[in-house]
Amino acid sequence: MNDQSLQAELIDSVRAIARIPSDIAIASDSRLVEDLGIDSLDLVSIVLNTQERYGIAIDEDEVARMHSVADLVTYVSRHLNAAAA
Amino acid sequence: MWQRWMVVHKVVLKTVLPVLRHLPHRASVAILGAMGRLDLTLVPKQAKLYEAAVAEAAKRIGADWDVKKVSHALSRQTYRWRTRDFLLDGRGDAKVSRWFKVIGREHLDAAMAEGRGVIMLANHFGSHLLSSHWMFREGYPLRWFSEKPRNVSNFMAKKFQTNGPLGQERMFISRRSTPADAASAILRASRALSAGMIVKVACDVRWSGAHTAMASFLGRSLSFTKTWVNLAAMSGAAIMPVFCRLEEDGTYVLEFLPTYHVPPDAPRTGQDAWWVQNALNAIEEQVRLHPEQSNDYFFWADEIGEQAA
């Protein structure tokens with residue numbers, strides 16, 4: 001899976017979990033908390049959903065450092081690539 | 001006014017605690033009781049404060065208490081309650097164990113045997129810190145999902161100094177946490193539960209902002225955290241309410257109530273407020289039965305999260 005498809009999937013998943021209306025654009029540089037208004041429990045759901053969907057473990061400390069959609073995509077991509085290598 | 005007395009109590013305790021720790025436990029508890037009662041005798045204003053607080057609580061929950069009698073009993077608990085678990089510092093496990101009367105331990109052990117972790121649903125009733133103290137002494141794998149307590153015994157403070165992925169240090173939360181930090185803490189608590197540990201969460205914490213529910217408690221409508229409901233739904237861990245009160249003879253009566261589970265869809269289907277209320281009802285029942293153990297609640301400041309009842 002390339003990074004663009006991964007990003008599209010993750011954006012869909014963020015939108016669904018955080019119930020973000022379709023008229024609000026989510027871009028790579030959208031900040032999860034400040035721009036999308038995602039709260040702690042939605043963030044937890046996003047992490048758990050991502051872990052289950054891609055079969056990766058997300059470190060709790062990393063969650064605190066995931067500020068934007070791009071951070072999430074980069075993290076997942078890196079771990080998927082590492083698993084594939 | 002009560003805040004001023006809290007400062008006085010603190011100064012008095014700081015002076016007498018080092019001495020009390022060297023006395024037999026029952027004698028220390030008796031002295032602390034006498035100190036609280038003496039305050040009421042010497043300071044009529046304080047007696048009026050207690051009676052007003054008890055009368056107000058009785059009115060709010062419709063309890064038929066003898067206000068004077070409950071006020072006196074409550075005053076005997078004041079210093080004891082403020083002493084938290086300091087009296088047990090430096091005492092051996094076997095000795096401390098004798099001062100506890102444990103009811104319902106089978107509920108705790110059965111919940112542990114389920115292997116999905118246990119959420120110890122705590123509160124601020126009675127000698128609430130002593131439940132954790134006992135569990136640490138008994139070797140249970142306990143973590144707190146709460147703000148870091150400021151005043152605990154050296155024994156407990158040492159137990160909190162655990163690091164690593166499931167360590168206590170990184171499981172403490174703060175009202176000033178960012179959503180990302182809070183999410184990390186929730187995930188850590190969830191991981192601790194998955195590892196079969198016990199996670200202590202207080203269900204009577206007044207909170208504001210996201211993940212709160214309005215609930216009625218002691219006749220007031222207040223905003224409480226409901227994060228524990230989400231944690232329970234997410235983890236499938238058993239919920240085990242616990243209460244601890246200090247009897248006049250120095251015995252800590254520690255009671256584990258039967259466990260229950262929160263359905264996984266509770267947060268999504270809007271049932272979380274019901275679970276919050278259910279947990280608070282259990283505390284209110286204890287307050288009704290043992291009003292003298294309610295020092296924390298009867299003098300709650302009103303500034304956090306209260307709405308017109």
Side-chain angles (χ1 to χ4, degrees), chain A residues 7 10-21 24 26-80 82, chain B residues 143 145 163-195 197 199 201 207-213 225-237 262 264-270 272-273 275-276:
Chain A
Q7 180 174 303
L10 285 170
I11 285 176
D12 284 348
S13 144
V14 165
R15 187 183 293 285
I17 291 167
R19 297 164 302 279
I20 297 169
I24 294 178
I26 306 179
S28 165
D29 60 351
S30 297
R31 292 172 300 174
L32 297 169
V33 175
E34 296 85 347
D35 298 333
L36 304 178
I38 290 173
D39 63 30
S40 55
L41 285 175
D42 284 341
L43 207 46
V44 168
S45 299
I46 290 167
V47 169
L48 294 177
N49 180 276
T50 306
Q51 290 187 144
E52 196 177 330
R53 186 169 185 171
Y54 300 103
I56 57 170
I58 300 180
D59 183 78
E60 292 88 1
D61 288 339
E62 290 293 333
V63 176
R65 289 193 277 271
M66 282 179 195
H67 302 297
S68 65
V69 171
D71 293 337
L72 179 61
V73 173
T74 305
Y75 187 92
V76 175
S77 172
R78 202 172 62 229
H79 280 74
L80 288 178
Chain B
R143 294 286 180 269
F145 183 69
N163 286 305
L166 298 179
Q168 178 63 68
E169 284 291 350
R170 293 192 299 167
M171 222 176 286
F172 285 124
I173 53 172
S174 159
R175 286 179 191 268
R176 290 188 294 274
S177 290
T178 64
D181 287 335
S184 297
I186 294 168
L187 286 165
R188 276 190 208 104
S190 178
R191 186 180 284 204
L193 289 168
S194 299
M197 300 179 90
V199 173
V201 191
W207 207 266
S208 55
H211 308 300
T212 55
T225 177
K226 60 177 185 182
T227 302
W228 67 269
V229 180
N230 294 72
L231 189 58
M234 184 195 305
S235 63
V262 170
D265 63 350
R268 267 201 323 279
T269 53
D272 34 14
W275 289 102
V276 169

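Each chain gets a letter, A, B and so on, in the order the sequences are listed, and its residues count up from 1. Remember, it's a predicted structure, so these values are computed and weren't measured experimentally.
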Original post:
Contact part of A:V44 toward chain B, heavy-atom cut-off under 4.5 Å: side chain, backbone, both or neither?
Top reply: both

Subject >> From B:F172 atom CZ to B:F145 atom CZ, the distance as rounded to the nearest 0.5 Å >> reply: 12.0 Å

**OP:** With rounding to the nearest 0.5 Å, note down the distance linking OG in A:S77 to OH in A:Y54.
**Re:** 10.5 Å

**OP:** Would you give the length of the straight line joining atom CG of A:L41 to atom CD1 of A:I17, rounded to the nearest 0.5 angstrom?
**Re:** 12.0 Å

Original post:
When you look at A:D42 and A:R19, which way does the side-chain contact (heavy atoms from CB on, under 4.5 Å) test go after all the steps?
Top reply: CA-CA 9 Å; A:D42 284 341; A:R19 297 164 302 279; 3.6 Å; yes

**OP:** Would you give the length of the straight line joining atom OG of A:S68 to atom CG of A:L36, rounded to the nearest 0.5 angstrom?
**Re:** 9.5 Å

Original post:
So which part of A:I46 gets closer than 4.5 Å to some heavy atom of chain B, the side chain, the backbone, both or neither?
Top reply: neither

Original post:
chain A: which of B:A185, B:A183, B:S177 shares the most heavy-atom pairs with it under 4.5 Å?
Top reply: B:A183

Original post:
If you measure only the distance, is there a donor-acceptor pair under 3.5 Å linking the side chains of B:N230 and B:H211?
Top reply: no

**OP:** Identify the residues of residues 60-67 of chain A whose heavy atoms come closer than 4.5 Å to a heavy atom of chain B, ordered by number, or report 'none'.
**Re:** A:E60, A:D61, A:V63, A:A64

Subject >> A:I38, part contacting chain B, at a heavy-atom distance under 4.5 Å >> reply: backbone

Original post:
Is a side-chain donor-acceptor pair under 3.5 Å present for B:T178 with B:D181?
Top reply: yes

Original post:
Quick one: CG on A:L43 to CG on A:L48, what's the gap to the nearest 0.5 Å?
Top reply: 10.0 Å

